[in-house]
Amino acid sequence: MSRSPQQNEFVFFTRNLLKWYHAHGRDLPWRRTADPYAIWISEIMLQQTQVATVLPYYARFLSRFPTLRDLAAAPLDKVLKSWEGLGYYARARHLHRAANEMVARFEGNFPSRFEEILSLPGIGRSTAGAIATIALGQRHPILDGNVKRVLCRYFCVEEDPKKKETEKQLWQFSEKLLPRKEPDHYTQAIMDLGATICTPAEPRCPLCPVRNQCKAFEKGVQGRLPMKALGKRVPERDYVAGVLFRGKRVLIRRRPAKGLLGGLWEFPGGQVDLDGKGRSVEKKITEALRKEIPWRVDQWSPWGKVKHTFTHFKMTLHVYSGRSGERQGQNTDEQKWVDVEALSDYAFSSAHQKILLKLKEPTDGQRRLFS
DNA sequence: TACTCGTGGAT
DNA sequence: TATCCAAGAGT
């Protein structure tokens with residue numbers, strides 16, 4: 001039985017990659033468990049997030065929610081608090097929802113069929129493939145950022161990987177390369193290669209176990225693959241946040257359950273349009289705050305600015321402080337008066353964390369507000 | 001298809 | 001300091 005040249009190319013890749021992995025693969029906590037639940041958590045956390053960032057979150061999350069049933073039984077607020085600062089909070093909401101679905105649909109067990117895994121919220125084709133392969137010993141391809149980059153270089157794909165046709169081709173490569181033996185180790189190996197050797201900038205080709213067959217390396221074009229779309233400039237938007245005191249408590253609100261930072265808590269406010277001419281910036285901001293907080297507040301006054309960059313826009317957060325009259329604005333599910341010391345029980349976005357930090361400085365924050 | 005959705009590490 | 005972009009999914 002003889003192999004075609006392309007088959008040889010695939011076998012070379014797989015064999016050398018696996019050999020390299022057994023010598024140089026990373027030792028990561030989610031590789032020290034066989035629990036599909038824990039591996040699922042790691043895969044979700046690792047979506048669009050670097051390993052170094054995930055490590056402390058992974059340990060904390062599993063100590064708070066050791067099993068699937070623990071996660072399903074927990075209030076969403078507690079899950080979001082564990083996710084605080086990690087970003088892409090829909091991942092946490094989906095995780096919580098998926099855990100409850102698994103209790104309802106699979107008696108609290110992690111499903112074993114690929115289609116069932118794929119049907120859970122927050123799990124797409126690539127993540128389902130990773131879980132089925134790594135946690136359950138099955139054989140399903142993945143196509144994450146690492147694999148895309150490695151394949152675009154190894155096969156010298158000079159098309160935009162976002163194009164439908166190109167992506168389809170990359171899935172086919174991923175499928176064909178996936179070996180019958182050790183598909184789990186292979187899958188982790190190709191991600192390790194992408195993360196440590198075949199890096200976006202300045203790949204370390206001299207250390208690469210498959211460079212001899214890498215078409216991009218052969219042509220010397222590995223540095224400009226995969227093709228990337230030209231970066232669009234992100235819009236800048238102004239937001240306002242009001243830190244409203246009533247006695248020694250401050251007012252916080254829960255954001256809507258979906259969308260940007262969905263389910264997190266924040267100091268009341270929102271987007272303001274400061275571009276138009278006419279009234280002063282301070283006037284526009286206090287007007288926006290009056291709309292958010294309709295009852296009497298004596299003297300909204302500027303307290304500071306917070307700059308924050310999201311993926312798709314830059315935010316300037318104008319922070320104002322004020323004092324509320326007594327018995328105005330009641331506690332509800334979506335709105336609470338909270339002791340400054342108790343604010344850390346609630347999940348805030350990174351931008352509002354910057355406000356919180358300043359609030360806790362006795363020198364600047366409170367003393368000024370209470371004086 | 002193209003846009004939304006966070007944050008911090010790397011360079 | 002600015003830019004890229006990371007174990008993508010949902011709409």
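Order of the sequence lines fixes the chain letters, A, B, ..., with proteins taken first and strands second; residue numbering starts at 1 for each chain.
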Measure from [atom1] on [X] to [atom2] on [N] and round the result to the nearest Å.
X	N	atom1	atom2	answer
A:Lys258	B:dC5	NZ	P	13 Å
A:His352	B:dT7	NE2	P	10 Å
A:Lys148	C:dA9	NZ	P	9 Å
A:Arg125	C:dG10	CZ	P	14 Å
A:Glu167	C:dG8	CD	P	12 Å
A:His94	C:dG10	NE2	P	6 Å
A:Tyr89	B:dT7	OH	P	4 Å
A:Tyr57	B:dG9	OH	P	10 Å

If you check the [X] side chain, which of [options] turns out closest?
X	options	answer
A:Thr127	C:dA9, C:dA7, B:dG6	C:dA9
A:Asp144	B:dT1, B:dG9, C:dG8	C:dG8
A:Gln50	B:dT7, B:dG6, C:dA6	C:dA6
A:Arg149	B:dT7, C:dT3, C:dA7	C:dA7
A:Arg31	C:dA7, C:dT3, B:dA10	C:dA7
A:Lys164	C:dA6, C:dA7, B:dT1	B:dT1
A:Ser126	C:dG8, C:dG10, C:dA7	C:dG8
A:Thr53	C:dA7, B:dG8, B:dC5	B:dG8
A:Glu43	C:dA7, B:dG6, B:dC5	C:dA7
A:Phe310	B:dT7, B:dC5, C:dA7	B:dT7

Classify the nucleic acid contact of [X] as base, sugar-phosphate or nothing, counting any heavy atom under 4.0 Å across all strands shown.
X	answer
A:Thr309	base
A:Ile134	nothing
A:Leu261	sugar-phosphate
A:Gln47	sugar-phosphate
A:Gly194	nothing
A:Thr311	base
A:Lys228	sugar-phosphate
A:Ile123	sugar-phosphate
A:Trp83	nothing

| field | Check ion pair A:Lys81-A:Glu84 (N to O, under 4.0 angstrom) | value |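 Here A:Lys81 pairs with A:Glu84 in a salt bridge, since their nearest N and O are under 4.0 Å apart.
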| field | Nearest-angstrom distance, C1' atom, C:dA7 to B:dA2 | value |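 23 Å, rounded to whole Å.
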| task | For B:dG8 versus C:dA9, give the span between their P atoms, rounded off to a whole number of Å. | result |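 23 Å, rounded to whole Å.
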| query | When you match A:Gly122 and A:Pro200 each to their closest nucleotide on DNA chain C, which lands nearer the 5' end? | reply |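 First, find each residue's nearest nucleotide; the 5'-ward one identifies A:Pro200.
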| message | Taking the side chain as everything from C-beta on, heavy atoms only, tell me whether A:Ile197 gets closer than 4.5 Å to A:Arg211. | response |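 No, every pair of side-chain atoms sits at 4.5 Å or beyond.
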| said: Contact between A:Leu264 and A:Leu80 at the side-chain level, heavy atoms closer than 4.5 Å - yes or no? | reply: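 When only atoms from C-beta onward are counted, A:Leu80 and A:Leu264 do touch, with a gap below 4.5 Å.
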| message | Grouping I, L, V, M, F, W and Y whenever their side-chain heavy atoms are under 4.5 Å apart, do A:Ile39 and A:Phe65 come out in a common cluster? | response |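 Looking at the clustering, A:Phe65 is in a separate group from A:Ile39.
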| query | Are any side-chain N or O atoms of A:Thr133 and backbone N or O atoms of A:Ala130, one a donor and one an acceptor, separated by less than 3.5 Å? | reply |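 No; judged by distance alone, with no hydrogens or angles, the pair does not exist.
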| said: Need to verify one output field. Residue with the more 5' nearest nucleotide on DNA chain B, A:Ala201 or A:Lys163? | reply: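 Per heavy-atom nearest nucleotide, the more 5' residue is A:Lys163.
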| said: For a quick check, tell me whether the side chain of A:Thr49 and the base of B:dG6 share a donor-acceptor pair closer than 3.5 Å. | reply: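 Yes, a donor-acceptor pair under 3.5 Å.
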| Tell me, which pairs form a ring-ring contact (aromatic ring centres under 6.0 Å, His included) where one or both residues lie in residues 109-129 of chain A, sequence neighbours left out? |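 ring-ring contact (aromatic ring centres under 6.0 Å, His included) check on residues 109-129 of chain A returns A:Trp40-A:Phe110, A:Phe114-A:His140.
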| request: Please state whether the phosphate of B:dC5, meaning OP1 or OP2, lies under 4.0 angstrom from any side-chain nitrogen or oxygen of A:His312. | output: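 So the side-chain polar atoms of A:His312 do come within 4.0 Å of the phosphate oxygens OP1 or OP2 of B:dC5, strictly under.
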| said: Can you see if the side chain of A:His308 gets near the phosphate of B:dT7 - specifically, an N or O under 4.0 Å from OP1 or OP2? | reply: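 Indeed, a polar side-chain atom of A:His308 lies that close.
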| message | Does atom CZ (A:Arg31) have a neighbourhood of more than 12 heavy atoms from anything else shown, all under 6.0 Å? | response |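 Yes - once you tally the heavy atoms of other residues, nucleotides and ligands closer than 6.0 Å, there are more than 12.
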| said: Parallel, tilted or perpendicular, judged at 30° and 60°: which one describes the rings of A:His185 and A:Tyr21? | reply: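 Aromatic pair A:His185/A:Tyr21 classed tilted.
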